[in-house]
Amino acid sequence: MLSTDLFIEKFDTETLTDEDIRSIPSCFMDEQEPGGEPVWLPYENGYGFLVFCIASKMRFFIKVKSDNKVFELKYKLL
């Protein structure tokens, strides 16, 4: 099963498989921080895409369902 830490590691090393990507976000559903805080946060689940955040790393991603691809969303806080 793909954890958020393993997802980040695989994403950064570009070793995510199609099966890994297909399992997002169901593989993250039961994962929690020790204090009960969620490890990942869904922001937008639209037709054909999912925007989510790995809360512990404050990194945002978009999963394009039709292409089975994941991209990181870069942002700057003003």
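This one's a predicted model, so the numbers in the text were calculated from it and none came from an experiment.
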Looking only at atom types and distance, does a side-chain atom of Lys63 sit under 3.5 Å from a main-chain N or O of Asn68, one as donor and one as acceptor? no

Name the atoms and distances for all side-chain donor-acceptor pairs under 3.5 Å in residues 41-54, with sequence neighbours left out.
unit_1	atom_1	unit_2	atom_2	d
Asn45	OD1	Lys65	NZ	2.8

For Leu2, which of Asp5, Leu6, Thr4 qualifies under side chain to side chain contact (heavy atoms under 4.5 Å, CB included)? Leu6

Hey, mind stepping through Phe7 and Ile24 against side chain to side chain contact (heavy atoms under 4.5 Å, CB included) and telling me if it holds? CA-CA 9 Å; Phe7 165 76; Ile24 298 168; 3.6 Å; yes

Tell me every residue that passes side chain to side chain donor-acceptor pair (under 3.5 Å) with Ser66, counting only those two or more places apart in sequence or in another chain. none

Considering the options Pro25, Cys27, Ser3, which one meets the side chain to side chain contact (heavy atoms under 4.5 Å, CB included) requirement together with Trp40? Pro25

For Phe11 versus Leu16, what's the shortest heavy-atom pair and its separation? CD1-CD1, 3.9 Å

Check salt bridge (Lys or Arg N to Asp or Glu O under 4.0 Å) between Glu72 and all other residues, then give those that pass, not counting sequence neighbours. Arg59, Lys74

Are any of the side-chain heavy atoms of Val64 and Phe71 separated by less than 4.5 Å? yes

Provide the full list of salt bridge (charged side-chain N to carboxylate O under 4.0 Å, His left out) pairs with a residue in residues 15-26, sequence neighbours left out, each pair given once. Lys10-Asp20

